[in-house]
Amino acid sequence: MVLFFVLGLSAAMARSDLSIPEAIAKGMAVYLMMAIGLKGGTGVAQHGIDTTLFAALLAGVVLSAGMPFVAFFLLTKTSPLPRVDAAAIAAHYGSISIVTFLAAMEAVRAAGLEAESYMVAVAAAMEMPAIVTALWLAKRGEGRLDATTLREVSLNGSIVVLLGSFVIGCLIGPDGLKPVAPFFIDPFKGVLCLFLLDMGVIAGRGLREGRKSLTPAVVLFGLYMPLIGAMFGLAAASIVGLSAGGTALLITLAASASYIAVPAALRLALPEARPSIYLPLSLGVTFPFNLTLGIPIYLALAAYVS
Amino acid sequence: MVLFFVLGLSAAMARSDLSIPEAIAKGMAVYLMMAIGLKGGTGVAQHGIDTTLFAALLAGVVLSAGMPFVAFFLLTKTSPLPRVDAAAIAAHYGSISIVTFLAAMEAVRAAGLEAESYMVAVAAAMEMPAIVTALWLAKRGEGRLDATTLREVSLNGSIVVLLGSFVIGCLIGPDGLKPVAPFFIDPFKGVLCLFLLDMGVIAGRGLREGRKSLTPAVVLFGLYMPLIGAMFGLAAASIVGLSAGGTALLITLAASASYIAVPAALRLALPEARPSIYLPLSLGVTFPFNLTLGIPIYLALAAYVS
Amino acid sequence: MVLFFVLGLSAAMARSDLSIPEAIAKGMAVYLMMAIGLKGGTGVAQHGIDTTLFAALLAGVVLSAGMPFVAFFLLTKTSPLPRVDAAAIAAHYGSISIVTFLAAMEAVRAAGLEAESYMVAVAAAMEMPAIVTALWLAKRGEGRLDATTLREVSLNGSIVVLLGSFVIGCLIGPDGLKPVAPFFIDPFKGVLCLFLLDMGVIAGRGLREGRKSLTPAVVLFGLYMPLIGAMFGLAAASIVGLSAGGTALLITLAASASYIAVPAALRLALPEARPSIYLPLSLGVTFPFNLTLGIPIYLALAAYVS
Amino acid sequence: MKMYSKKRIDIMVEAPLMTRVLKLLDDLGVRGYTVLPALAGKGQDGSWHRDGQVGRVGSVVQIFCILDEARVDAVIEPLFKLVSRQIGIVTLSDVQVIRAEHF
Amino acid sequence: MKMYSKKRIDIMVEAPLMTRVLKLLDDLGVRGYTVLPALAGKGQDGSWHRDGQVGRVGSVVQIFCILDEARVDAVIEPLFKLVSRQIGIVTLSDVQVIRAEHF
Amino acid sequence: MKMYSKKRIDIMVEAPLMTRVLKLLDDLGVRGYTVLPALAGKGQDGSWHRDGQVGRVGSVVQIFCILDEARVDAVIEPLFKLVSRQIGIVTLSDVQVIRAEHF
Ligand SMILES: Nc1ncnc2c1ncn2[C@@H]1O[C@H](COP(=O)(O)O)[C@@H](O)[C@H]1O
Ligand SMILES: Nc1ncnc2c1ncn2[C@@H]1O[C@H](COP(=O)(O)O)[C@@H](O)[C@H]1O
Ligand SMILES: Nc1ncnc2c1ncn2[C@@H]1O[C@H](COP(=O)(O)O)[C@@H](O)[C@H]1O
Ligand code: NA
Ligand code: NA
Ligand code: NA
């Protein structure tokens, strides 16, 4: 699976014209959201609502809102980045990458572990809080996170599909899932391969752009910040009392950095921050790192602790 | 399945930016046409040509050509709509919505009923006649349904794919279907879910537009006309002697209103009619009504009568 | 399967507006490349590297580089085409059509034969050499095949995906293929049907354009050249010692004409050659010929010889 | 470099009418045109957005052609006649080109 | 044929800002506009390409509207204010139209 | 509002040539450009339609860049040299912009 990511990455680095049309990429993204939402929802319908659900949600929100402070501190100490840029980057690392999460789910399954089905809801809960923190950091309250932006950001398509499918999954349960399983369950992993091929191409382009605009200190941040995030995730998971699989997923969420929802929100709310810094960093450095080295580490960490 | 439609509808009403790229929506539409065409065709190949086939086709044509008179009469009596607009709306209600038909097929199957396989051919036959009637109503013969328009309309892509796949299905039979079943049959219901999510978004937008342009009398028409159509469909089905499943489908066809083929044809043949009236009515009022309340009613009706 | 091609072809000839969005067509093309790459690669992983692999690759390269001479000779003898146009056409017939190859693979399987899994690698190897020959023919060395063009052409997306997936297939082996089989293997044939519907539409348009720009001598060339290519392919296959299935595939490769990679390369390297001649010929004449009549002939030929 | 003055006609028209407009341009002997897809828009007949759209109603395409000033009147009158009953607008502007014989 | 002189405003702006620009145009009472998708581009903020893009960041849309010269200033000032902090450019040019009442 | 006069170059060129044109613009130091996808078209080399197209041959993209009048000649000559052997056309027109330093 990761091999397709590497293929896409190499193709983009070699300047091949390989690319997946935007419409297909968007279509696959919607499909993947629906599929994991349904899977998570039917899981919850089957096992009942775990007592840890709310604790895990709360942990996610706290992680997302809290980690930007750490990231911001590290960035302003180690690099001469302007305040807004540091805050913008911090937002990405507080929030999550859903593709990294998908890959971790597959890795967890391949390792024979099981994770709490509601983890997709935790993932959804972790998208936004980091943005609020970062805007506060950037402007000490002067930020433009007005009601319109907040609504636009929180009603973004992928969150709506993910949560909507989660709810539908809860409603229909495992029996309702069966007739659509040949579309949403069986080919899932294959679609993820195709999607990762595409993400590899995008990450490769990000890396190429990044070579021009990123300083070593910032690149380094993109490599050690996931590990710091992982530690916070690990701590939160053991406080909440998640299973080994769930722990691996929460670690991954904490370690991953957003490159879709947060950038879009920041372009509206913090236009002074430069996307030419935060996008290549999250997409070209941290994302490939997590997919290749990170996830195995997080899985080992979770297995070791549990 | 309908839940995804509701999800899309709610997202659009809440002004979420959720949307499926146009290319994906079109691709799914072609896929669904091919799949039901093949399924219908192989069904016919298996059961032989039923003696009721021609009666059903004829019934479909008569329904499609006849119902616009009823609709036109009701509209001109209950609302001050100009003649052309009333005729244009009438055309939509004479013709059919293939997505509503698909949803009804699934509902029939879920209810454990079986319908005549040739019903897809009946659906195809019902698309066009209503337009001819409506043009005559609009202009008493002055309409611009010249040969070019007629050819353009009757060779529209979805009809060609549907009928072509139906013929191919007749030729290859059930054995020929087997190797492509993992693509055309198994994931069918899942694709329909995704498609309905998209249709929900479109219907939601239609509803929002409709709030501005539709008068209460017209909205009401969009709710009772399907039921009147259903009665005609029921009558036709019992004359033809369809099975319970087939009856439910013919009722649904009669009750449903077009929002793809007819609008496109009318823009060419009757440009004076306002799409800002007929599109929201068919798409935002009748279509959601049929998908949520209508189909269960039609199914109950068919079961009760048979 | 071929029936869908015929459907698309007829629809385009009848000027129906049936069409598959470009994004979907491109997405399917990537999918098909990945699928056959993976299948071929896992086949090689299973059976080990055959001693004939290198001989087959070499044969492919020689065929691709050599056949343009024959084609060029025939064209300049039988028609008054300018030198550049003849060379451009020759390039197409030396190179290959991957869709024709896909259809032949399905036909081989349907006939109960098995082909060497590495034939996809042979197909990839046959894409480029013909272009080099043709440029030399066109200009006796003056051609603009500079390093940039060469890199652009050889790193074109489909080759990269095909070979990349082949390598991935070799690495993961049959066990690694299993979890993604519901996406890459089971629906494969169905996707190919949809793709062929689309190719039918394109071929039909090519045919319509071709009516204006092609002379009878050139059209005739588009019909007999595949058969000549088939003979060369047959000879090469028996020298290499391929199985009956492999022989059928090598014949098909030799007989098929490119309409994606070569035209794109020629627009850059040989812009004086007219696409209004080479595209309709390859796409509108040879491609449909091969799909309908050619492949059964090549299969019979291979079966007869082996 | 020597440049020649030409006119550019831009036609924004609802998608179902596209083939007719192109046919008209063909019939009028226009030597070339280009069609661009539009994503969204607003006009007197309401606003529309392409995403999610299955049919072609509601969406608009932009057709433009570069042609000689002398030919403008001969083209724009029938064009306007065709478009005026439908959803769409037509604009005219000045451009300069390099290859005069092309247009 | 009688033509009327109008102005055309072209706005190339990053996609996440699109809805805001359109809302502004609505609020300013602009009678119509069209949005075209862009495929790729380059500006001061780096180059981008649409294919493969999942999110909307980095990609640009082109919005144009035809309007009366008298209204240009009232529209372009708030527009510029909105766009100037963001990635994007605004241009103005001359066009002629047939139906004056439309704009 | 203060506006500055600039020139707009529009290049309609077959898709396989796109990367070369963009590279040329980069090499010539052009500060920005935008690429729009075209859907269909007709020229001397026949007509084409994008839907269903798998390859890039036959389809056309529109590239435009806004630049200073003083730079036009330096750009348009090599551009024309590149495009003239291929399928494509180049036009030039007048626009006005707000931020002069951008171009
Ligand atoms: N007069 C024209 N007006 C607008 N677009 C044109 C014109 N001529 C050519 N084109 C576009 O440029 C492409 C190439 O033109 P050509 O080199 O004449 O084949 C065509 O496919 C059209 O998309
Ligand atoms: N003033 C305008 N500026 C730019 N595009 C317009 C304008 N008016 C209309 N349009 C476009 O033309 C289409 C049809 O316009 P209308 O006939 O006014 O509904 C709209 O959907 C827009 O895409
Ligand atoms: N000189 C130019 N000509 C054409 N398009 C431009 C130009 N400058 C910028 N653009 C477009 O506007 C977008 C944003 O520009 P910028 O704000 O300079 O990054 C770019 O990505 C291009 O698509
Ligand atoms: Na994180
Ligand atoms: Na009906
Ligand atoms: Na060949």
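Order of the sequence lines sets the chain letters (A, B, ...), proteins ahead of strands, with each chain counted from 1. What you are looking at is a predicted structure, and each value in this text was computed from that prediction instead of being measured.
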Side chain, backbone, both or neither of [X] within contact of chain B (heavy atoms, under 4.5 Å):
| X | value |
| --- | --- |
| A:S165 | both |
| A:I159 | neither |
| A:L38 | side chain |
| A:V160 | both |

If you count every heavy atom of other residues, nucleotides or ligands that lies below 6.0 Å from [X] atom [atom1], does the total exceed 12?
| X | atom1 | answer |
| --- | --- | --- |
| B:R208 | CZ | yes |
| B:L293 | CG | yes |
| A:E114 | CD | no |

Self-check item: Which portion of B:F188 sits near chain A, non-hydrogen atoms under 4.5 angstrom
Solution: neither
Quiz item: Of the non-hydrogen atoms in A:V161 and B:L18, which two are nearest, and what is the gap between them?
Solution: CG2-CD1, 3.2 Å
Quiz item: Where is the tightest heavy-atom contact between A:A23 and B:P21, given as atom of each residue plus distance?
Solution: O-CG, 3.6 Å
Quiz item: Of all of B:P187, B:P182, B:A14, which one pairs up most often with chain A through heavy atoms under 4.5 Å apart?
Solution: B:P187
Is the shortest heavy-atom distance from the side chain of [X] to the side chain of [Y] under 4.5 Å?
| X | Y | result |
| --- | --- | --- |
| B:L197 | A:V30 | yes |
| B:C193 | A:F184 | yes |
| B:L194 | A:M34 | yes |
| B:D17 | A:L155 | no |

Quiz item: Distance from A:M28 atom CE to B:I24 atom CD1, nearest 0.5 Å?
Solution: 8.5 Å
Exercise. Return yes if some donor-acceptor pair links the side-chain N/O of B:S16 with the main-chain N/O of A:N156 below 3.5 Å, else return no.
Key: no
